[in-house]
Amino acid sequence: MRVTDLRIAGPTPIPPAVMQAMQRPMIYHRGNTFRVFFKRLLQRLVQIHQTEGSVLVLPGTGSAGWEIALVNTLSPGDRVLAVVNGDFGARWARVAERFGLEVVRVEVPWGYAATVEHVRPALEAHPDVKAVLYTYNETSTGVANPLAEMGDLVRRHGALLLVDGVSAVAGMPLEMDAWGVDLVFSGSQKAWMCPPGLVIVGVGPRAWGATKAARFPRAFWDLREYREQAETGDMPSTAPLTLLYALEAACDLIEAEGLERVFARHRALAELVRSGATELGFRLFADPSFASPTVTALLPPEGLDADTVVQGLRTRHGIEVNAGQGRLRGKILRIGHMGWVHEPELRRVLAALGDITALRGGA
Ligand code: PLP
């Protein structure tokens, strides 16, 4: 069966208005039309990030965000605290090591949230920590980490709070300034409802301050260059016009719905998936108190194999969901519900899950 329903945790389905925006012709990327357009787009992103700081857009994906955050604010040999409660946190920690940072891992069992109670002792034990690397939404486990409570603690220890918001921003609340987030990056292919290819980076004043002392070499990922160029509505390299048109159309949709309503829709849909799946005998992988609004990780009912469920959804129903990744390979399945998604599509996924569990019952 042809896959018709993309229910993975990104790339996510593209709304018709965003598709249409991408039909626009190319224009001169250093002309006035582009400059006016781009400046306006960046202002709208600032509002969505709830910051007085800056938001920049770079060609790239979420993984670029890991590198961007590190090379712009730190220097070789600096000590950082990497909070790891899933595969993405683990990957960011490895990237930091490759850059020659002194990485202290705060390991939290996968499926559980990484809270201030986990981070505080590590900060106390390592007062020279320069930055805390924190994943807002751990896509591999379906855990939403409590970002709102983290900034205060990290700031009191004089460290920067660098946040992977790849599968969170635009689908989950974010108050950069109020929460003390110094830098946060996200990927266009997730809750932003756009194709992959843009990394959106919010940068606060403390992170800008850190860029002055940071000694990592940086060229393409130099945020200061992006900021300087953005003042005139420019980008350092050729602007990815089609993706920027898409992002503008996505902002239109987000603003028309209203940020709070967007977040409430994500919460309600996540609840629908959790309750529907648990009724069918699936178990939540994530601690329910911290279950993510954008992706749900499920353990299959007794006697059913996770990968068989993933395959059954694909072949019998044309629905694509994620299998487990990293050490969760073969153990869980994950349903993405971020961006352009509404109740009917998720009811269809639940009905298909019901069909697959019933098949097992009849076997
Ligand atoms: N961080 C998180 C939390 C993610 O979910 C992902 C991708 O799913 C990434 C980083 C890596 O992003 P990309 O695959 O766009 O490079």
Side-chain angles (χ1 to χ4, degrees), residues 6-14 57-71 80 82-99 108 110-114 132-147 150 161-174 181 183-202 220-221 240 243 246-247 250 266 270 285-286 290-297 310 320-329 332-339 341:
L6 193 60
R7 299 294 145 214
I8 58 173
T12 62
I14 309 283
V57 181
L58 292 75
T61 68
S63 310
W66 291 328
E67 187 165 331
I68 289 166
L70 302 177
V71 301
V80 298
V83 182
V84 178
N85 63 338
D87 196 53
F88 287 105
R91 280 162 69 176
W92 196 4
R94 288 200 293 274
V95 171
E97 277 169 348
R98 277 199 240 169
F99 273 92
V108 177
W110 292 22
Y112 291 90
V132 174
L133 319 185
Y134 193 69
T135 306
Y136 185 11
N137 191 64
E138 189 35 92
T139 323
S140 67
T141 61
V143 166
N145 283 312
L147 176 61
M150 201 53 65
L161 179 56
L162 307 180
V163 176
D164 174 340
V166 169
S167 61
V169 182
M172 288 163 56
L174 171 67
V181 172
L183 186 149
V184 56
F185 51 89
S186 55
S188 52
Q189 80 276 24
K190 306 276 189 190
W192 291 106
M193 308 178 281
C194 291
L198 297 177
V199 54
I200 297 116
V201 190
F220 191 76
W221 299 133
L243 292 171
L247 191 56
H266 281 81
F285 182 74
F290 294 95
S292 162
T294 60
V295 57
T296 296
V310 173
E320 194 79 64
V321 300
N322 289 111
Q325 69 179 73
R327 69 167 88 134
L328 294 173
R329 193 172 293 277
I332 58 166
L333 60 139
R334 292 170 298 144
I335 300 170
H337 34 78
M338 68 185 94
V341 56

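Side-chain atoms are counted along with the backbone in the values below, which use heavy atoms only and exclude waters and symmetry mates. Computed from a predicted structure; not experimentally measured. Order of appearance sets the numbers: ligands from 1, and atoms from 1 within every ligand.
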Could you verify whether a donor N or O on one side chain and an acceptor N or O on the other, from [X] and [Y], lie under 3.5 Å apart?
X      : Y      : value
Asn145 : Asn137 : no
Trp192 : Ser186 : yes
Thr294 : His337 : no

Which ligand 1 atoms, with their elements, are less than 4.0 angstrom from a heavy-atom of [X]?
X      : value
Asn137 : 3 (C)
Thr139 : 2 (C), 3 (C), 4 (C), 5 (O)
Trp66  : 1 (N), 10 (C)
Ser63  : 11 (C), 12 (O), 13 (P), 16 (O)

What about [X]: any of its N or O atoms under 3.5 Å from an N or O on ligand 1?
X     : result
Arg91 : no
Thr61 : yes
Gly62 : yes

message: To check your reading of the model: name the closest protein heavy atom to atom 8 (O) of ligand 1, its residue, and the distance in Å.
response: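 Ranking protein heavy atoms by distance from atom 8 (O) of ligand 1, first comes Lys190 NZ, 2.6 Å.
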- request: May I ask you to identify the nearest protein heavy atom to atom 1 (N) of ligand 1, giving residue, atom name and distance to one decimal place in Å?
  value: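 Scanning the protein heavy atoms, the shortest distance from atom 1 (N) of ligand 1 goes to Asp164 OD2, 2.6 Å.
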query: Heavy atom of Val199 under 4.0 Å from ligand 1?
result: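 Val199: no contact with ligand 1 (<4.0 Å).
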